[in-house]
Amino acid sequence: MGGLDYDTAKKLATGDAADRRFVASRTETQPEILYLLATDKSAEVRREIALNSSTPRQADMMLSTDADEGVRSGLATKIAALVPTLSADRVGQIERMTLQILETLARDRAVAVRGVMVAALKDLPNAPPTVIQQLARDLDASISGPVLRHSPILTDDDLLEIIAGAPEDERLCAIAERADVSVAVSDAIVQTEREAAVASLLGNASAQIREETLDRILDLAPKHEPWHAPLVRRPHLPPAAAARIAGFVTDSLVKVLESRSDLPVETRQAITQAVRQRLPAAKTAAAGNGLVDEEEAPKERPADRARRLHKEKKLTEDTVTMALGQGDRGFVMASLALLSGLPQPIVEKIIAGQSPRGVTALCWKAKLTMRAARQVQMRLAQIPPSNVLNAREGTKYPMTDDEMKWQLEFFGVE
């Protein structure tokens with residue numbers, strides 16, 4: 001049959017189901033006939049109407065709540081495909097109706113219908129924001145996951161709001177796997193301490209993670225084995241972080257870390273030093289278990305090593321933070337005394353006092369950065385994270401020099 005004239009189409013539209021399906025599928029069928037067939041008793045006819053690009057938008061509106069899932073899925077396929085051609089302001093009647101249909105289908109009770117919407121819209125830069133917001137908050141992770149992972153429409157505020165709602169792991173992992181995850185979003189994911197999500201974040205090479213946040217991850221990492229491999233492979237590892245990682249991962253992962261040629265020289269040196277320190281520690285432990293002779297255990301005491309490094313001008317902040325990561329309290333105590341010029345008993349008194357301000361002032365006196373001061377508070381003084389004194393404006397000490405001096409005077413420092 002060639003072109004479908006009005007009289008023929010009208011006659012076929014009142015015929016049997018096969019004739020009605022045929023008319024419903026033809027793009028040259030007149031709009032009023034297509035509108036009439038949108039209420040046909042046969043779901044197969046209505047499916048053809050839903051797929052027909054010539055169907056009036058008013059008929060599509062009716063079909064968006066059709067009882068048949070296949071009808072709604074077909075309509076979702078057609079309408080979602082129109083999104084790239086919609087005007088940005090969507091001010092015309094057709095555009096407004098199209099948006100309303102999209103919003104209705106995004107709330108559809110059938111996962112299959114919402115899935116059609118997701119497949120078409122998840123990565124479109126001009127997808128309707130209201131539709132994306134609806135899909136991103138869908139409780140079914142098969143719907144919200146791809147949108148959370150890919151949609152450029154979602155802002156950091158949107159993502160932070162969703163994270164604050166404590167979503168299940170699948171949705172949290174999807175956010176962690178987005179391209180170029182921001183610092184704020186990374187911080188929020190790490191604060192959840194959800195093992196799978198943090199592992200996904202660490203495995204995302206484009207995710208931006210602050211050194212302070214990485215330190216927090218490293219504080220928790222020994223108890224979370226799934227984080228170890230992505231930590232070892234994490235790009236741009238700071239020297240102190242790399243050394244800490246080398247202190248708790250398996251020997252096979254240490255070899256992976258050592259073999260990385262993409263890391264800066266200072267980071268590779270820190271790894272080598274950490275591995276060397278790890279070997280004597282293992283040897284000492286073996287000696288304690290009677291596996292090697294006690295005479296073979298290293299003789300240098302932590303305080304002696306600190307004094308030697310200080311004399312050689314090798315007692316640096318990185319050295320101190322590495323020792324913190326390895327739990328070498330004696331070395332860190334001695335180092336703080338040497339770097340601050342304070343007597344060891346005063347240093348021990350400040351640490352034992354567990355005062356966030358006092359410990360911070362001690363680190364300032366030792367000329368450490370605020371980042372290191374935060375680690376000393378948590379790892380050496382055992383101050384709970386919720387009570388730790390944090391940096392001001394990113395890296396600055398949160399007290400004035402006079403306030404620091406007053407804190408030290410409180411502990412008997414003149």
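When reading the values below, keep in mind they use all heavy atoms of this one structure, side chains included, and skip hydrogens, waters and symmetry mates. We number each residue from 1, following the sequence as shown. Since the model is a prediction, treat every value here as computed from it, not as a measurement.
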* Asked: How far apart are the C-alpha atoms of Lys223 and Glu195, what are their side-chain angles, what is the distance that settles it, and do they pass the side chain to side chain contact (heavy atoms under 4.5 Å, CB included) test?
  -> CA-CA 10 Å; Lys223 297 179 182 178; Glu195 187 173 80; over 6 Å; no

Closest non-hydrogen atom pair between [X] and [Y], with its separation:
X      : Y      : value
Leu408 : Leu362 : CD2-N, 3.9 Å
Val116 : Ser73  : CG1-O, 4.1 Å
Ala240 : Asp318 : CB-OD1, 4.2 Å
Ala141 : Glu168 : CB-OE2, 3.6 Å
Ala67  : Arg109 : O-NH2, 3.7 Å
Ala334 : Gln344 : CA-OE1, 3.5 Å

Look at the side chain of [X] and the backbone N and O of [Y], then say whether any donor-acceptor pair between them is shorter than 3.5 Å.
X      : Y      : answer
Ser340 : Ala366 : no
Gln377 : Leu389 : yes
Arg72  : Thr65  : no
Lys10  : Ile33  : no
Ser186 : Ile209 : no
Arg234 : Asn204 : yes
Gln375 : Leu324 : no
Asp187 : Thr213 : no
Thr267 : Leu237 : yes
Asp123 : His150 : no

Distance check, rounded to the nearest 0.5 Å: [X] atom [atom1] versus [Y] atom [atom2]?
X      : Y      : atom1 : atom2 : result
Glu161 : Asp156 : CD    : CG    : 12.5 Å
Thr360 : Ile350 : OG1   : CD1   : 11.0 Å
Ile245 : Leu257 : CD1   : CG    : 6.5 Å
Arg107 : Asp138 : CZ    : CG    : 12.0 Å
Leu368 : Thr321 : CG    : OG1   : 9.0 Å
Ile49  : Leu75  : CD1   : CG    : 11.5 Å

* With sequence neighbours left out, write down each residue that passes side-chain contact (heavy atoms from CB on, under 4.5 Å) with Lys396, or none if nothing qualifies. =>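 For Lys396 the side-chain contact (heavy atoms from CB on, under 4.5 Å) partners, ignoring immediate neighbours, are Arg392, Glu393.
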
[X] versus [Y]: any side-chain heavy-atom pair under 4.5 Å?
X      : Y      : answer
Glu177 : Cys173 : yes
Arg233 : Leu253 : yes
Ile351 : Val376 : yes
Gln382 : Gln354 : yes
Val413 : Leu342 : yes
Arg178 : Leu154 : yes
Thr29  : Leu37  : no
Leu315 : Phe331 : yes

* May I ask you to decide whether Arg244 forms a salt bridge with Asp215, counting only side-chain N to carboxylate O separations under 4.0 Å? =>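 Yes, charged N to carboxylate O under 4.0 Å.
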
* Asked: Are the charged groups of Arg216 and Glu193 less than 4.0 angstrom apart, N to O?
  ->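 Yes.
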
Answer yes if the side chains of [X] and [Y] hold a donor-acceptor pair under 3.5 Å, and no otherwise.
X      : Y      : value
Gln133 : Arg137 : yes
Arg371 : Thr395 : no
Asp140 : Ser142 : yes

* Asked: Does Lys122 NZ have over 12 foreign heavy atoms under 6.0 Å away?
  ->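 More than 12 heavy atoms, drawn from other residues, nucleotides or ligands, come within 6.0 Å of this atom.
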
* Answer yes or no: does atom CZ of Arg57 have more than 12 heavy-atom neighbours from other residues, nucleotides or ligands under 6.0 Å? =>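 More than 12 heavy atoms, drawn from other residues, nucleotides or ligands, come within 6.0 Å of this atom.
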
* **Non-neighbouring partners of Asn390 that pass side chain to side chain donor-acceptor pair (under 3.5 Å), sequence neighbours left out** =>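 So Asn390 forms a side chain to side chain donor-acceptor pair (under 3.5 Å) with Arg374.
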
* Going through the checks in order, is the side chain to side chain contact (heavy atoms under 4.5 Å, CB included) test met by Met322 and Thr319? -> CA-CA 5 Å; Met322 286 176 208; Thr319 309; 5.7 Å; no

* Would you list the pairs meeting side-chain hydrogen bond (donor to acceptor under 3.5 Å, both in side chains) in which at least one residue belongs to residues 43-52, sequence neighbours left out? =>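 Found Arg21-Glu44, Arg46-Asp66, Arg47-Asp68.
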
* Going through the checks in order, is the side chain to side chain contact (heavy atoms under 4.5 Å, CB included) test met by Leu214 and Leu231? -> CA-CA 9 Å; Leu214 186 58; Leu231 273 170; 3.9 Å; yes

